[in-house]
Number of protein chains: 2
Amino acid sequence: MESVLTEAVALLDEAGAPALTFRALAQRLGGGVASIYWYVASKEELLDRATDHVMGAVLSDVERLPGSDDPIDDLRAMAVTLFGAIVRRPWLGAYFMRNVDVQGNSLRLYEKLGRQTLRLNLTAHQRFHAVSAVVGVVVGSAVDMGQEPPQEILDGAATREEFLGRFAEAWRELDPEDFPFVHEIVDEFDGHDDVDQFRSALDLTLAGLRLQAGA
Amino acid sequence: MESVLTEAVALLDEAGAPALTFRALAQRLGGGVASIYWYVASKEELLDRATDHVMGAVLSDVERLPGSDDPIDDLRAMAVTLFGAIVRRPWLGAYFMRNVDVQGNSLRLYEKLGRQTLRLNLTAHQRFHAVSAVVGVVVGSAVDMGQEPPQEILDGAATREEFLGRFAEAWRELDPEDFPFVHEIVDEFDGHDDVDQFRSALDLTLAGLRLQAGA
DNA sequence: ACCTGAACACCGTTCAAGT
DNA sequence: ACCTGAACACCGTTCAAGT
């Protein structure tokens, strides 16, 4: 079981979600395809378990965070840690927190995040929505990041800079009368940093939360 | 071409993303599978074009919005309209805004959203991040919503209430010492409304934005 | 309890060939 | 310019059979 998950994660890390097939996994394990079905009922379960497997390390990182007297700062640090894990493993973005099942590291992480809101002057309703919002920012940024080509594997040996640059170039061709905003931000878009973008979105949400909590 | 997209959208609306196969689409169009490849180079392009096709209607809805003297209120109304479209078509959540290609309704919608930030006292950098954050909230909420079973198509003819209730029940079994937050919000989770959750997340982001803009 | 080979029912995509 | 049948190389999943 352990080796099934380890090899599954290895495949995902090496070549992303499409690389994880029962046949590829079986070959790495040196067995037949059907064997995997003894450990796992479906591909969905395999993905869920592989995701929760790596979430164990993320949870450890979060637990190792120092913590401060400001619950919102702590919430930010935890979210940044979580997003960092997704930056390192882009395939995670599509699966993590998808089903916060009973037991499992995802639920424990959810609890960790939520516990910070218990230190804020909020209703239970507001606390639930606050954690949903923070998780939403992470997911939203992860999905956005997932659009970009991983590494330099795209047509014509282009880098991420060239990929963004090609979009930017096309945008600059648009009529400024029709697309004033696109022109306003095209230089910002060109070569932008995903982590920067995430942190800004997170900060807006946390600023709103601080206001709501009167903290 | 038009009918290819119309039928593709029909399939997606009827039974979600897995229902859209070249074979199913060809059958509906009364032709062979290979014919579709004359209009579209790949499945990815088919999905992109189908998505942009329905985004046309969303764009019309957004353009029909009255507008006010408060750019942030206008931003909120537009985001709510966008999210409403995703509630009606859950499959949209996985594809919209994925590639804001040159030309296309998604780009026009992106421009519409961004134009509101031009009315705020922000830097170009802040404007870019603000729109990214708002889109991120929509995407994040849409992904979260996509986890839940569509309609009552799940094991044992359960409703959404029963689906959420089953999770809530399991959560209530957890040790309150280990999971104080989960216990705090389990009643909120049970039977929660996705649109409510989205609006709360959006409001936090917009409150942060208002603070930033000093408006 | 654990593993297997072989099949089944699907996929997206290609291609030579037709009109 | 537009469409086709038939094949190719894959998928996830099942199942009877083995140890």
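Each chain gets a letter, A, B and so on, in the order the sequences are listed, and its residues count up from 1.
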query: Can you tell me if CD on B:E169 sees more than 12 non-hydrogen neighbours from other groups inside 6.0 Å?
result: no

- prompt: Do the charged groups of A:R172 and A:D187 touch, with an N to O distance under 4.0 Å?
  reply: yes

- prompt: Would you call A:D203 and A:R76 a salt bridge, taking side-chain N to carboxylate O under 4.0 Å as the test?
  reply: yes

query: If the P atom of D:dC2 is compared with that of C:dA17, how far apart are they to the nearest Å?
result: 22 Å

message: Going 5' to 3' along DNA chain D, between which two nucleotides do contacts with chain A fall, using a heavy-atom cut-off of 4.0 Å?
response: D:dC11 to D:dC15

task: Kindly indicate whether the side chain of A:L29, heavy atoms from C-beta on, has any atom under 4.5 Å from the side chain of A:S3.
output: yes

- prompt: Where along residues 22-29 of chain B does a heavy atom come under 4.0 Å from DNA chain C, residue by residue in number order?
  reply: B:F22, B:R23

- prompt: For A:F83, what residues pass the ring-ring contact (aromatic ring centres under 6.0 Å, His included) criterion, not counting sequence neighbours?
  reply: A:F198

- prompt: Which of residues 33-49 of chain B sit near DNA chain D, with a heavy atom under 4.0 Å from it?
  reply: B:A34, B:S35, B:W38, B:Y39

field: Other residues, nucleotides, ligands: >12 heavy atoms within 6.0 Å of B:E45 CD
entry: yes

- request: Would you write the dot-bracket representation of DNA chain D, where each base gets (, ), [, ], | or . depending on whether it forms a Watson-Crick or G-U pair under 3.5 Å and with which partner?
  value: ||.|||||...|||||.||

message: One thing to verify: whether B:E14 and B:R28 come together as a salt bridge, which I'm taking to mean a side-chain N less than 4.0 angstrom from a carboxylate O.
response: yes

Pairing of B:R166 and B:E162 as salt bridge, 4.0 angstrom limit: no

List the atom pairs, with distances to 0.1 Å, where a side-chain N or O of residues 52-59 of chain B and a protein N or O form a donor-acceptor pair under 3.5 Å, not counting sequence neighbours.
from, atom 1, to, atom 2, distance (Å)
B:D52, OD1, B:N105, N, 3.2
B:D52, OD1, B:S106, N, 3.1
B:D52, OD1, B:S106, OG, 3.2
B:D52, OD2, B:N105, N, 2.8
B:H53, NE2, B:E2, OE2, 3.2

- prompt: Is B:Q197 reaching over with its side chain to a backbone N or O of B:S141, donor-acceptor style, under 3.5 angstrom?
  reply: no

Side chains of B:W171 and B:F179 in contact at under 4.5 Å (non-hydrogen atoms): no

message: Can you tell me how far apart OG1 (A:T117) and CG (A:L209) are? Round to the nearest 0.5 Å.
response: 8.0 Å

